[in-house]
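Right, one structure below, let's go through it.
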Amino acid sequence: MWMDTKTEAVEASRSRSSLSQRVWNALLLCTGDMEHLDKYMKDKFIVLQLVVCCLRGVTRVTLANNPLSGALILAALYWASPWQGLLGTLGVLASTLTAVIIGQDSAEISGGLHGFNSMLVSLLMGVFSSAGDWYWWLLLPICLGSAASVFLYSGLSSVLDRWDLPVAVFPFNIIIVLYLLCTGPDHPYFPHHPAIPAGVLNPNDTTLVAVELIRGIPLGVGQIFACAAVGPSLIILGAILLYSPLLAIHALLGSAIGTLAGLSMVVRHDSLYSGLSGFNGALGCMAVGGLFFTFSWRTHLFAITSAFLSAYADIALSKLLGSVGLPACSWAATLIATLMLLLTGSLAAYRIPIGQVMAPEQNLQSRSQWDAGNTAERESTDV
Amino acid sequence: MWMDTKTEAVEASRSRSSLSQRVWNALLLCTGDMEHLDKYMKDKFIVLQLVVCCLRGVTRVTLANNPLSGALILAALYWASPWQGLLGTLGVLASTLTAVIIGQDSAEISGGLHGFNSMLVSLLMGVFSSAGDWYWWLLLPICLGSAASVFLYSGLSSVLDRWDLPVAVFPFNIIIVLYLLCTGPDHPYFPHHPAIPAGVLNPNDTTLVAVELIRGIPLGVGQIFACAAVGPSLIILGAILLYSPLLAIHALLGSAIGTLAGLSMVVRHDSLYSGLSGFNGALGCMAVGGLFFTFSWRTHLFAITSAFLSAYADIALSKLLGSVGLPACSWAATLIATLMLLLTGSLAAYRIPIGQVMAPEQNLQSRSQWDAGNTAERESTDV
Amino acid sequence: MWMDTKTEAVEASRSRSSLSQRVWNALLLCTGDMEHLDKYMKDKFIVLQLVVCCLRGVTRVTLANNPLSGALILAALYWASPWQGLLGTLGVLASTLTAVIIGQDSAEISGGLHGFNSMLVSLLMGVFSSAGDWYWWLLLPICLGSAASVFLYSGLSSVLDRWDLPVAVFPFNIIIVLYLLCTGPDHPYFPHHPAIPAGVLNPNDTTLVAVELIRGIPLGVGQIFACAAVGPSLIILGAILLYSPLLAIHALLGSAIGTLAGLSMVVRHDSLYSGLSGFNGALGCMAVGGLFFTFSWRTHLFAITSAFLSAYADIALSKLLGSVGLPACSWAATLIATLMLLLTGSLAAYRIPIGQVMAPEQNLQSRSQWDAGNTAERESTDV
């Protein structure tokens, strides 16, 4: 059912007329990349266009690209903490406007590509700040950091384009590290909590609580947005599910693998319980399983490998960066996903060029159409 | 007046004959890249050619390229400290000779491109050495470091060429970091002062002295050469002014922005007073404002952004490197300038290919000539 | 004599028939890259092919490529410590099989290019482990690390190919650093010895013992395989000699230079005695002297420079990485060799494209043939 193209589904809905069919079709319209929305929005108000591209930017954090998912995620963040929600909104807005001002490519802007790094920068600045909520001075570094993320995105894309690699969240990782270095735990204006490396096992942590461990898996998906509450994390997972069920499954799978890797390396228990051990695995798993590569059983195995590598690399990097008081952010997943995209051999055959990446289900469909076209052509040539 | 080409100015001076005109023309001959000197020097003694290319190398540190400015800067350094002047001279000589021996491109050598990194290496080795002045054993690592900078310059240029990026002072930054790591504060042969990160505010630093702060701004220009005296710093500023007034203005502006950024992040007061907070801002501002990009109001705004980014990145990096006892040198400005050169969007339209970079005023002139040519051509095609 | 091609030698041996001639010819067949073996092996059992490509992988660590040398080296490692020998064997096997499974290029696999990084990863994991020999749990990270090295090799080769650079031992260096970070000195499952930076001179180290110093030079060659015993080190040196006398001479020379550099920087005496100061110099010297560049007196001088740079960079990096408890491994030699390959100027003229690199003697021969061909052609054109 999923395989049908949406336009076909819309046309089909006119002839048939059961209610359930209509609901299903309406739902289908809300999934995937929602490209039809862009056509519809073309002549609408500029403000509405800005809202849509900001919402797309919000979902880009989870590698998705769907304004409705973005609205859901934003709602989840406001639920978890209104202050964090506000910071996130401000970050996306600031960077999107900066991108417009410094004349970045309009297709990139409307695709939300300049929003997701600043979203993360502002959320993490908020989470690490030890000045408490509603500390309005924090808006200053958030606006500056968001603007800087656009510069880094643009500069890095020039370099990474040579290998057809996405910029991913490199700008976020760089800016948050520089910001935390600049300010420090006892800065008079912008103090922040010191980062605790994942690898220091507390002597009190003797017995693992299975329920907490399992709760850590969906929390790992929420931790992509630095959100450590169960309810909002489930909504975020739902938002990913709305974009693409395959991506949501890989997110959960990756988070579980990350928790497993954390267990094998005996990290602190609250790192496991809070989902911090899982989110790098989740990101690494999502990138390979269906998004940048056509989904298949082989890609699925590579996605599991990528999740393991991301999780272990995260433990290593959190110790390295922790020795200078810095968090590992999502360095591990970003580096491992980049490595996977560079891989030669059997995985490279499933690689989708960056410009053509869509929701996993749509990738799968366009691949099968392409293959079918190729086969048909070959057959017609044979005759 | 500045816009006139130099040769026109020379011809004009023959017909008109007031004294002031002649002085002005002679001055014009000494500004900018002084390319006419190269033609004049072609059949002269090899020693004189070597002197000119070393002096060009000296100015390259400040992104300038003018042998007279080089002589001025060298005089300023000898004034500040004869020992430092000697080290700088030796460094430039050693690396230029190394470049000749290992067969580097002769146009690069005569343009002074192999001199500026070793100049900085030797000056910084001298400044960090805690063995006192006239410690002759220091000449050994200076010669080795200068030679190594040529290897790094050549190797890095192969990599950075792909993106038409300059090597800038990456070799200097790498070598000085390796040297300081190799030796350490209590090395028996080459001891050095430990680096103090800029971010540790001294509890005694309670009130800021405005005069000292303002004095820190020209000192920030001097600190590009690790020179912390006001007189020599002003001469260095004068040398940049001789090469290009636009570059000198951006140097001062960048240094002021760096000081401002330092204030906002509450760095140590002596870091502000000594100009150490300003020099990365100055370099970042100079690179964007007129040198690698045609000057315009837009480029000017980007130059200010670049200065802010360089200054904040410098504070962050000085804390990071300070945690292992290393100085941040000019890593921040070099990285941010590289980022700016990679930027897509409206700034990229003003980008000048590395091979055609000249003094800002000449860049502006060749751009307007080129634009005029294009317009004329289009008009003639229209008819 | 060496200059004759092997096939000529074989043919010649049929007509002449002295015994010494036959022995010599048989020996010649066992030196160099032994390409004739690949042709002979083509239709043989897959297991035998696997053994040969694993043995090639073992020698690749020393930049050689000869299955007999590989067997010798493996024998030396088993002699030094049967446990280490086992780990090394397992590492090469695991990564070669991983490469087959993830569909890497078969020419690369049979050339042993996927074996040498994992060989080093497993040897170093064994050496650093403080759980003692025959701690079977160690096989788990060794298999994982070996598999990961194939991913890194493949990913990095996509990037480095742009500059025709070899991947070298970058994957090993990255993985061992990540592994040591992940586990740490008091890990409950995989504890390891902390790394002691080379630069801390022990106050007890007052007088140098010349004999120990000289013994450190061949040990430097053994330390490439983390082997600190004299006998096995000499066998390893013999294995390199079997592949190429020129390479062996450069290995010894580089190790001596590394010891000299260590002396000049006053490193700990046991670092000198154990050969740890020498092995980066040896690798740096071997890469430039004959392997990636046609041998000549000029290349020889560059090889000496490369050895010095590698040795000094190693001292610097061992202090940097030592400050977070990590060893410097062979980062220095790998980076410096990469730099040398990127160099423009007179060295670049001797550069051999990566795809055509063979044993130094064969490189020399194909170069002279090529030159002779060029001269002959030019002469015929002249007539």
Side-chain angles (χ1 to χ4, degrees), chain A residues 159-165 197-201 203 205-206 261-267 284 288 298-299 301-302 304-306 308-326 328 331-332 335-351, chain C residues 95 98-109 113-114 137 140-141 143-163 167 170-171 173-192 194 320-326:
Chain A
V159 176
L160 294 168
D161 259 7
R162 292 288 163 113
W163 293 276
D164 193 32
L165 291 171
V200 190
L201 185 70
D205 295 346
T206 37
L263 276 174
S264 77
M265 281 292 127
V266 211
V267 302
V288 176
R298 238 183 223 183
T299 329
L301 292 176
F302 275 107
I304 292 171
T305 317
S306 170
F308 269 112
L309 289 176
S310 301
Y312 283 120
D314 179 50
I315 298 170
L317 290 178
S318 83
K319 286 212 193 150
L320 180 65
L321 290 165
S323 71
V324 282
L326 291 173
W331 276 110
L335 288 168
I336 293 293
T338 305
L339 177 71
M340 284 289 168
L341 287 166
L342 282 169
L343 222 60
T344 55
S346 58
L347 186 60
Y350 294 93
R351 171 91 191 267
Chain C
S95 70
T98 308
V100 172
I101 290 167
I102 70 168
Q104 292 297 306
D105 186 48
S106 63
E108 279 186 1
I109 297 174
L113 285 173
H114 289 290
W137 283 108
L140 218 70
C143 287
L144 278 173
S146 299
S149 79
V150 180
F151 282 86
L152 270 169
Y153 187 92
S154 174
L156 286 176
S157 74
S158 299
V159 176
L160 293 168
D161 258 7
R162 293 287 163 112
W163 293 276
V167 177
F170 280 118
N173 284 309
I174 294 170
I175 288 173
I176 197 73
V177 159
L178 289 180
Y179 168 74
L180 293 178
L181 280 169
C182 249
T183 55
D186 30 56
H187 194 271
Y189 307 154
F190 308 112
H192 61 75
L320 181 64
L321 289 165
S323 71
V324 281
L326 292 172

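Residue numbering restarts at 1 for every chain, and letters A, B, ... go by the order of the sequence lines.
One N or O on the side chain of R162(C) and one on the backbone of R162(A) form a donor-acceptor pair closer than 3.5 Å. Without hydrogens or angle criteria, S154(C) side chain to L343(A) main chain gives no donor-acceptor distance under 3.5 Å.
The CG atom of L321(C) sits 8.5 Å away from the CG atom of L320(A) when rounded to the nearest 0.5 Å. Atom CG of L347(A) is separated from atom CD1 of I102(C) by 8.0 Å, given to the nearest 0.5 angstrom. Taking CG of L178(C) as the start and CG of D314(A) as the end, the distance is 11.0 Å to the nearest 0.5 Å.
Heavy atoms closer than 4.5 Å to chain C are found nowhere in T338(A), neither backbone nor side chain. With a threshold of 4.5 angstrom between heavy atoms, F308(A) does not approach chain C through any atom at all. Proximity to chain A (any heavy atom under 4.5 Å) is shown, for I175(C), by neither the backbone nor the side chain. With a 4.5 Å cut-off on non-hydrogen atoms, V177(C) does not touch chain A at all. Contacts between Y189(C) and chain A at a heavy-atom distance below 4.5 Å involve the side chain alone, from C-beta outward. In this structure, no portion of Y153(C) lies under 4.5 Å from any heavy atom of chain A. There is no contact between S323(C) and chain A, counting heavy-atom distances below 4.5 Å.
Minimum interatomic distance between S158(C) and W163(A) (heavy atoms only, all atoms of both residues): O-NE1, 3.3 Å. Here the closest non-hydrogen pair linking T183(C) and M265(A) is CG2-SD, 4.2 Å. Contact record, C182(C) with A316(A): SG-N, 3.8 Å, taken as the closest heavy-atom pair.
Ranking V150(C), L152(C), D105(C) against chain A, the residue ahead of the rest is L152(C), based on heavy-atom pairs under 4.5 Å. Of the listed residues (A349(A), A348(A), G345(A)), the greatest number of heavy-atom pairs within a distance under 4.5 Å of chain C belongs to G345(A).
The local environment of CZ in R298(A) is sparse, with at most 12 non-hydrogen atoms from other residues, nucleotides or ligands closer than 6.0 Å.
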